[in-house]
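No hydrogens, no waters, no symmetry mates; every other heavy atom, side chains included, goes into these values. One-based numbering along the sequence shown.
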Amino acid sequence: MLRSKALFQGIFLLIIFLVSSVSGFSQRMLEKKIQFSSPEELSLRQLLDTLSAQNDFYFSYESTLLELNKTLSSEPYSGTIGNFLLKELGYEYEYKELPGYIIIRYAPEKLDLDAEMDTRFNRVTVKGYIKNIRTNEVVSQASIYDKTSLASTLTDENGYFKLKYKKNNASIWLTLSKENYRDTTFLLMPTVDIVAEKENRRFRYLPGDSTTKALEESFLGRAFIGFKQRFQGINMGSFFAESPVQMSLIPGLSTKGTFSSQTISKFSLNLIGGYTAGIEGMEIAGIFNINKRDVKSLQLAGIFNLVGGSSKGLQIGGIYNSVYGDVAGLQIGGVYNHVRGEVKGLQLAGIMNQANKDAGAQIAGIVNHARNSKYLQLAAITNNASESAGLQLAGISNIAGVSVNNQASFIFNRAKKVNGFQLGIINVAEENDYSLGLLNFIKNGEMSLSASIDESSFTHLNFRSGGRKMYGILGLAYNLRDVDTPIGLEAGLGIHLIPDSKFSLDMEFVSLTASDFQEITNYIQSFRLIPGYKFGNHLRIFAGPSLNFAFLDSGQEDFTDGWNILNKTTATGIYRSYGGLTAGFQVIF
């Protein structure tokens, strides 16, 4: 029964709307006619989504203010989309239409204007009061602005405002905005000129997101964004104006006044700093730039850039860059770059780069962090990818939470799965075939402790650890003969040529250093080919030939033994090449 009902609802959502267009493509969306028969337990959310898909537009609304899961009435409907919204939501909501959107805004109250206008020498002064039309009470912190000039202000605690600006034609359209109030526009005309100026400034609607509030509540946002610009944003919401140029001394003190936070400009010059809606061209600041939404092309700041949307192009901050959206291009920060979205390009920072999501390439003086590093992380100290990474190069350590292609550092590398190699003194992984380190802790690899003796009577105690293909060697050596430097330290790399369960063949490159820590130091580099045979799961015996190259201090002729190939004595020491044999056993664990 439930499956039949779900199937009926799915079919109903596909065929429910029989849309008839009277005026073609240019018809207003709110005036489009729809018709459907009685729905069976369909929610408001389902009907809004279906209306949007069938008519090629989007509904924009704050989901917490609508009962999206409520079941609609079962009565058939025939009429316009606008009347349908009024029927289901009522008159407490305002319905606006912009290209591609129908905006549903909670606005149970209405504003009224009581103002007077004075025009002198092309200077317009409008002053008066904003009131609640239902209660006649004054409304504080309401926005008043002229859409043509973008002159704007806010009412004080008594609902009073005073707006001054230049205007060639004194007839103006004055728009009032306030959260939970309907937007209202008044035409003010003096007796000498009754011709209203045609509005030619472009406005656009950008759906809201949560980054603006996060930006304004950040430490830098609280420090530099004034309450008047915050209220402008609250009152205006997602409506923004376009302007070719804007200039600011500080946020709020600019050519656009407090309206700069709702203005998207082609060019922006902030002598100290500024707060704008966005940039689609170039922005330059002596100290800082703060942008509510996206920045495109070029942004330069002496100290910091703070972007609530995304950055596309080149962004340079003397100390700090912070982007709440994505970055596509190049981001350069003298100290620190932080992107809360994805980086499609390169981050350069003197100290640290951080991308909360994926990053293309990061280069930093100290540390890089990203969720996924697609191509490169290069840092003097450490790199961290919480999930995956391409190539990580660091002076101290590299960490990848899940997988990595290649890692190289002087000290430490860690990842769950390594697709290529790890190069470092200590390597840790669950899966890794090529571990190029002295200490390798690889879950799918092998570790062993061995004891052996060679042709020069050196006994070796070695720890071997690594992956399925390569491993590291670290150990101690002691010469049973009476020599000046009997104790040596041994380190090297090995390759599993035949990693069979019973018979194995390994190739090793090992360096031994023996010293009395005073005057004498001897070096031996050995190339070994070691066949082995495994007994059970934990014991292997081995024996094989070696080719050795010794660099000895003067007077150390008896330090090595074996089959002599080349022997040369100079004023600086003894150079010898010889063949040998190594044999012993390994305990595997």
Side-chain angles (χ1 to χ4, degrees), residues 420-423 425 427 432-440 442 444-481 483 487-514 522-552 559-568 574-589:
F421 66 83
Q422 285 180 313
L423 175 60
I425 294 176
N427 297 310
N432 184 8
D433 290 342
Y434 299 94
S435 298
L436 309 177
L438 298 180
L439 296 173
N440 305 284
I442 313 300
N444 73 333
E446 181 182 278
M447 290 187 293
S448 67
L449 190 64
S450 69
S452 62
I453 189 169
D454 64 18
E455 70 292 328
S456 298
S457 297
F458 266 107
T459 57
H460 305 266
L461 182 64
N462 295 121
F463 176 71
R464 289 174 170 84
S465 59
R468 292 177 297 183
K469 301 291 185 182
M470 300 189 69
Y471 58 92
I473 304 166
L474 184 65
L476 294 173
Y478 181 77
N479 202 315
L480 299 176
R481 298 182 299 143
V483 294
I487 300 175
L489 178 65
E490 196 168 37
L493 294 173
I495 303 174
H496 295 299
L497 297 178
I498 304 177
D500 190 82
S501 60
K502 289 295 182 181
F503 175 78
S504 64
L505 180 62
D506 296 337
M507 182 171 60
E508 297 180 346
F509 304 88
V510 182
S511 177
L512 185 147
T513 301
N522 297 314
Y523 304 95
I524 301 175
Q525 280 74 45
S526 301
F527 167 75
R528 300 169 181 166
L529 194 63
I530 303 178
Y533 187 81
K534 191 175 183 181
F535 294 91
N537 296 322
H538 302 287
L539 180 64
R540 179 187 292 125
I541 61 171
F542 61 88
S546 64
L547 178 62
N548 308 282
F549 302 89
F551 305 91
L552 312 175
F559 185 75
T560 62
D561 202 352
W563 296 274
N564 188 60
I565 299 174
L566 176 66
N567 193 54
K568 184 178 181 180
I574 302 170
Y575 299 86
R576 188 182 181 204
S577 173
Y578 62 96
L581 180 67
T582 300
F585 66 91
Q586 290 176 301
V587 178
I588 303 167
F589 50 91

In Å, rounded to the nearest 0.5 Å, how long is the span from CD1 of Ile574 to CG of Asn567? 7.0 Å

For the pair Asn440 (side chain) and Ser465 (backbone), establish whether a donor and an acceptor sit closer than 3.5 Å, ignoring hydrogens and angles. yes

Assign the ring pair Phe458 / His460 to parallel, tilted or perpendicular, where the plane angle (0 to 90°) is split at 30° and 60°. tilted

Closest contact, heavy atoms only, Leu581 versus Glu455: N-OE1, 3.0 Å

For Asn432, is there any backbone N or O sitting under 3.5 Å from a side-chain donor or acceptor partner on Asn444? yes

Test side chain to side chain contact (heavy atoms under 4.5 Å, CB included) on Glu508 and Ile530 and set out the steps. CA-CA 8 Å; Glu508 297 180 346; Ile530 303 178; 3.4 Å; yes

Between Phe503 and Ile498, does the side chain to side chain contact (heavy atoms under 4.5 Å, CB included) criterion hold? Intermediate values first, please. CA-CA 8 Å; Phe503 175 78; Ile498 304 177; 4.2 Å; yes

Does the gap between the ring centers of Tyr533 and Phe535 come in under 6.0 Å? yes

Are Phe542 and Ser504 side-chain neighbours, meaning at least one heavy-atom pair lies under 4.5 Å? no

Distance (rounded to the nearest 0.5 Å) between Leu436 CG and Leu493 CG: 6.0 Å

Taking the side chain as C-beta and beyond, is there a heavy-atom pair between Tyr575 and Leu552 under 4.5 Å? no

Lys568 atom NZ, neighbour heavy-atom count above 12 within 6.0 Å: no

Verdict with reasoning, Tyr578 to Trp563, per side chain to side chain contact (heavy atoms under 4.5 Å, CB included): CA-CA 5 Å; Tyr578 62 96; Trp563 296 274; 5.8 Å; no

Is Lys469 atom NZ crowded by more than 12 heavy atoms from other residues, nucleotides or ligands, each under 6.0 Å away? no

For residues Ala543 and Ala583, report the shortest heavy-atom separation together with the two atoms involved. CB-CB, 3.8 Å

Here the gap from Asn522 atom CG to Phe551 atom CZ, rounded to the nearest 0.5 Å, amounts to 11.5 Å

Looking only at non-hydrogen atoms, find the nearest pair between Leu566 and Asn564 and report the distance. O-OD1, 3.6 Å

Indicate whether the side chain of Ser448 and that of Arg540 have a donor and an acceptor atom separated by less than 3.5 Å. no

Is it the case that the side chain of Ser456 and the backbone of Asp561 share a donor-acceptor pair, with hydrogens and angles ignored and the cut-off at 3.5 Å? yes

Side-chain touch Leu529/Leu497, heavy atoms, less than 4.5 angstrom: yes

Distance, nearest 0.5 Å, that separates OH of Tyr471 from CD1 of Ile442: 14.5 Å

Do Arg468 and His496 touch side chain to side chain, with heavy atoms closer than 4.5 Å? no

Decide yes or no for Arg528 and Val510: does some side-chain heavy atom of the first lie under 4.5 Å from some side-chain heavy atom of the second? yes

Tyr434, OH atom: more than 12 neighbouring heavy atoms under 6.0 Å: no

With heavy-atom distances below 4.5 Å as the criterion, would you say the side chains of Thr560 and Ile524 are in contact? yes

Is there a donor in the side chain of Asn548 and an acceptor in the side chain of Ser526, or the other way round, less than 3.5 Å apart? yes

Is the count of non-hydrogen atoms from other residues, nucleotides or ligands lying under 6.0 Å from Phe463 atom CZ greater than 12? yes

Minimum heavy-atom distance Phe589-Leu449, with the two atoms named: CE2-N, 3.7 Å

Take a 6.0 Å sphere around OH of Tyr478 and say whether it holds more than 12 heavy atoms from other residues, nucleotides or ligands. no

Test side chain to side chain contact (heavy atoms under 4.5 Å, CB included) on Met447 and Arg464 and set out the steps. CA-CA 6 Å; Met447 290 187 293; Arg464 289 174 170 84; over 6 Å; no

Would you call Phe421 and Ser435 a side-chain contact if the rule is heavy atoms closer than 4.5 Å? no

Where do Leu438 and Ile473 come nearest, in terms of heavy atoms and distance? CD2-O, 3.7 Å

Where do Lys502 and Gly536 come nearest, in terms of heavy atoms and distance? NZ-N, 4.0 Å

Residue pair Thr459 / Leu480, side-chain heavy-atom distance below 4.5 Å: yes

Calculate, to the nearest 0.5 Å, the distance between atoms CG and OG belonging to Leu547 and Ser577 respectively. 5.0 Å

Asn427 CG to Ile425 CD1 distance, which is reported to the nearest 0.5 Å: 10.0 Å

